[in-house]
Amino acid sequence: ARRQISALPTTAMEQLTRYPLSCVLSYLSETEGTSLLITNKRYARQVLPLFRQAPSNLVVNGQKAPNRHRFLVMPVQDATILLERLNTRRLCQRQKKTSSEASDPLYTRCYTTAELARLECQERPNGLRIPTRVPCLLRFFNAAERAFWREQQVNGAGGGVTLLASYPRSGNTLVRTLLEKTTGLVTGSDTRPNRNLSRELAERHDLVGEGICSHDNPSADTDDSIASFVQMMTPFIKTHWPERVGCRTFRANRVILIVRNPYDAMDSYWNMNATCSHTKTVTDQVYQQFATFYEGLIRNEIDIWMKFHHYWCHTIQKETSPIPLLVIRFEDLITQPAVELQKMLQFSNVGSSDSQTLDQAWLDRIDQVVEGNRIDRLGSYQPRCQDMESSSAATTAPTAKQTAHVSIGKSLAKGRYTMEMLDYIHQTCATHARERYDNVNYLQKFGYDIQEQDFPKNFSSSDDSDTSTPNRALGFSSSATSSRARNESVSFVTVNRGNAIRPLSCAYGRKLTAW
C-alpha cells in the first residue's frame, strides 16, 4: 500500500477530498502521514488538525510534548460531497411536487448541482446573486464571487468574514439556517466535522459547512490577507470562541453576537450534553436524580455566560482596533425574524452595495423566506419545546408570535430552577458587574433580569419598537454604515488564538459528555 501511495502523481493526491484522503492516511504511520500532509499547504491547514489527538500535559526537558496525530478513516464525508447530496435531494423533492420541473430546460442539460445553484440565482449588478426559489439550492463561493468579495474589502465597501459568535445553545444554528435560506450561501463553522454533534448537523440537519473556515491564515501576525482569500468559501462562520477553542485559527472582520437568556441557554446546554443531540431532552426523572449535579452546572455556567459576553462586548474592543459588532437577541429573532434578518444582511454587507439601506430585491427575498412560516419551522430542526402544540387544543393554529413567546423562558415555566438558584444567578451577575465589568450587568443590559425587568413577561408586550435595545445600551451601532466606515482590511479579530475562558479541567465542558 505504501509503494502504491508513493507512486501516486502529485496532482492526483491534491485532488483527493477529505474522506478518501483519510482512507489513504489510515495505511500510514504517524510520521509518514504527517510528513505527507505538511508538504501541501491546503492539507497542512485544513486536514492535519482534524487528526490531532487531545493535547497532553506531558512535559519533556522542560518543554511541552509536541502534537500527536492518529490517522483513521474519518466518519464524515467532505463538505463539498455533503453539499452535492443535499442539493440532489432538494432537486428530487421538487420533481416529486411538480411535473413541470422535469421539463424545465435548465434541468434537462448536464449541469452539476453547483452550477444549478448559481443559475437559479438572480444576477445583481453590484452585489451577490439572489436565490429565487424556496428552498433554494446552496452553494459555496466560486472564484468570481471570491474576487468580488475581495474587491469589496479592498475598497472599504464590505467583504471579509462575518463571525456568528454565541454561547452554546443560543440560536446560532437558527441564524445559520435563516442566512442560508435567504442568501443561498453555505455557512461555515470552526467545529471539528468529525465530532458527533457536528456530524448530526451536517448529515441530518443540512448544515454541511461544519469545519469550513474562511480566511485560513495560521501565521495571522502578518497582514497578507490576499493569500487568505484563496481558500474563502463562505462569508459567514459560526464560533463559540472564547468559550472553547475551535479546530482552526482564522480572522473575521465583523461580529454578529447572538444572545439568549441564560436560563434557557444553560438548560438547553445541559440537555445537549446529556443526550449528545441537538433535539432530544432528558426526562424529569433525570433532572430529579441528578439535581445536585445540575445545580452545580448552573452555578458554573452563569460565570462562563458572563465572561463570554464581556469578552465580545468589551475585552475584544480594547485588545484590537474596534471591529463592527451587532447584537442579535434570540428572543427578537423568533418573534420578528424578518426584521432581524434585515439587520444581519445589512450589517454583513451581503445584501447591499453602495447604499446605506438594504436593496429592495433582498427585502423581497426575506419576505419570500419568512412569509407564512412559523419560526419553529424555519430552523434546521424542530425545537425541543413543543408546548405550543400540546397547549393549543385549539381550533385555530397558533400565530408565529404565540409560538415564539411560549419558547421564551420555557425552562422557567417548567420549573427547572429553584428560587435559590435564581437568586444565585442574579447575585453573581450583580457582583461580577461591580467587581469585574465596570458596572455593566449583562443580565440587565440584554433584558433578562427577572427581579427588576420581569423577564420573560417583558418580551410578551405588543411594543416591538425596542428591538435594538442591547445595541443602544452597550453603545454599538447595528447599521451597515458603521460596518463600512472603517477600513476592514486592517480591522479584524483573530479567532481561536489563546486560551479559552473554560479551562480544560472543567467538569461541565468537554468532560460532561463522558460523564
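One is the number of the first residue; the rest follow in order along the sequence.
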State, to 0.1 Å, how close [X] and [Y] come at their nearest heavy-atom pair, and which atoms those are.
X: V327; Y: F446; answer: CG1-CE2, 4.0 Å
X: P168; Y: Y269; answer: CB-CD1, 3.8 Å
X: N496; Y: T239; answer: OD1-OG1, 4.3 Å
X: S189; Y: C213; answer: O-SG, 3.7 Å
X: V440; Y: A433; answer: O-CB, 3.4 Å
X: I408; Y: D264; answer: C-OD2, 3.7 Å

**OP:** Flag this pair as yes if the NZ/CZ of R416 is under 6.0 angstrom from the six-membered ring centre of Y263 and inside a 45 degree cone about the axis; otherwise no.
**Re:**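 Here R416 fails the 6.0 Å and 45° test against Y263.
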
Subject >> Ring-face cation contact, F492 with R251, 6.0 Å cut, 45° max >> reply: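 So R251 does make the cation-pi contact.
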
Within the structure provided, determine whether [X] and [Y] are in side-chain contact (heavy-atom separation under 4.5 Å).
X: F459; Y: T335; result: no
X: L163; Y: V495; result: yes
X: V259; Y: I328; result: no
X: V370; Y: L341; result: yes
X: Q451; Y: D423; result: yes
X: Y448; Y: P456; result: no
X: L48; Y: F71; result: yes
X: T173; Y: L201; result: yes

Original post:
Between F293 and W515, is the ring centre distance below 6.0 Å?
Top reply: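 Yes - the distance between ring centres of F293 and W515 falls below the 6.0 Å cut-off.
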
Original post:
Ring centres of Y442 and H309 under 6.0 Å apart?
Top reply: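 No, they do not, as the ring centres are separated by 6.0 Å or more.
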
Original post:
Which pairs with one or both residues in residues 502-515 pass salt bridge (Lys or Arg N to Asp or Glu O under 4.0 Å), sequence neighbours excluded?
Top reply: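 As it turns out, the salt bridge (Lys or Arg N to Asp or Glu O under 4.0 Å) pairs with a partner in residues 502-515, which skip direct neighbours, are E243-R502, E301-R502.
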
**OP:** Check the angle between the aromatic planes of Y311 and W241 and answer parallel, tilted or perpendicular using the 30° and 60° thresholds.
**Re:**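 The rings of Y311 and W241 stand perpendicular, inter-plane angle above 60°.
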
Original post:
Parallel, tilted or perpendicular for Y167 and F308, by the 30°/60° rule?
Top reply: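 Ring orientation of Y167 relative to F308: perpendicular.
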
Check: [Y] main-chain N/O paired with [X] side-chain donor or acceptor under 3.5 Å:
X: S348; Y: L345; result: yes
X: W312; Y: A165; result: no
X: R254; Y: L326; result: no
X: R436; Y: K307; result: no

Side chains of [X] and [Y]: donor-acceptor distance under 3.5 Å anywhere?
X: R260; Y: S170; value: no
X: N441; Y: H432; value: no
X: D449; Y: Q444; value: yes
X: T191; Y: S198; value: yes
X: R90; Y: Q93; value: no
X: T249; Y: R497; value: no
X: Y294; Y: D267; value: yes
X: H278; Y: E200; value: yes
X: Y287; Y: N271; value: yes

To the nearest 0.5 Å, what is the distance between [atom1] ([X]) and [atom2] ([Y])?
X: T234; Y: F140; atom1: OG1; atom2: CZ; result: 7.5 Å
X: L164; Y: T187; atom1: CG; atom2: OG1; result: 7.0 Å
X: E340; Y: E331; atom1: CD; atom2: CD; result: 10.5 Å
X: H240; Y: D190; atom1: NE2; atom2: CG; result: 8.0 Å
X: I258; Y: L333; atom1: CD1; atom2: CG; result: 8.0 Å
X: S277; Y: N196; atom1: OG; atom2: CG; result: 10.5 Å

Original post:
Y437 and H310: ring pair (Phe, Tyr, Trp, His ring centres under 6.0 Å), yes or no, with the steps?
Top reply: CA-CA 7 Å; Y437 304 144; H310 182 72; 4.1 Å; yes

**OP:** Please test V161 against F236 for side-chain contact (heavy atoms from CB on, under 4.5 Å), starting from the C-alpha separation and ending with a verdict.
**Re:** CA-CA 6 Å; V161 169; F236 300 104; over 6 Å; no

**OP:** Name all residues meeting the side-chain contact (heavy atoms from CB on, under 4.5 Å) criterion together with E295; count only those two or more places apart in sequence or in a different chain, and write none if there are none.
**Re:**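 side-chain contact (heavy atoms from CB on, under 4.5 Å) check on E295 returns R299, M421.
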
**OP:** Please say which of V208, D78, L137 ends up in a side chain to side chain contact (heavy atoms under 4.5 Å, CB included) with L83.
**Re:**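 Answer to the side chain to side chain contact (heavy atoms under 4.5 Å, CB included) test with L83 among V208, D78, L137: V208.
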
Subject >> Evaluation steps, side-chain contact (heavy atoms from CB on, under 4.5 Å), between L257 and C313 >> reply: CA-CA 9 Å; L257 178 62; C313 295; 3.7 Å; yes

**OP:** Please test T162 against N349 for side-chain contact (heavy atoms from CB on, under 4.5 Å), starting from the C-alpha separation and ending with a verdict.
**Re:** CA-CA 9 Å; T162 299; N349 302 321; over 6 Å; no

Original post:
More than 12 heavy atoms of other residues, nucleotides or ligands under 6.0 Å from CZ of R52: is that the case?
Top reply: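 Yes, enclosed.
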
Original post:
Is there a side chain to side chain donor-acceptor pair (under 3.5 Å) between E210 and N194 once you walk through the steps?
Top reply: CA-CA 9 Å; E210 294 299 293; N194 57 343; over 6 Å; no

Original post:
After noting the C-alpha distance and the side-chain angles of V339 and D332, does the key distance pass the side-chain contact (heavy atoms from CB on, under 4.5 Å) rule?
Top reply: CA-CA 9 Å; V339 174; D332 295 329; over 6 Å; no

Original post:
Between R89 and D206, does at least one N-O distance fall below 4.0 Å, as a salt bridge requires?
Top reply: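 Looking at D206 together with R89, the answer is yes, because their closest N to O distance falls below 4.0 Å.
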
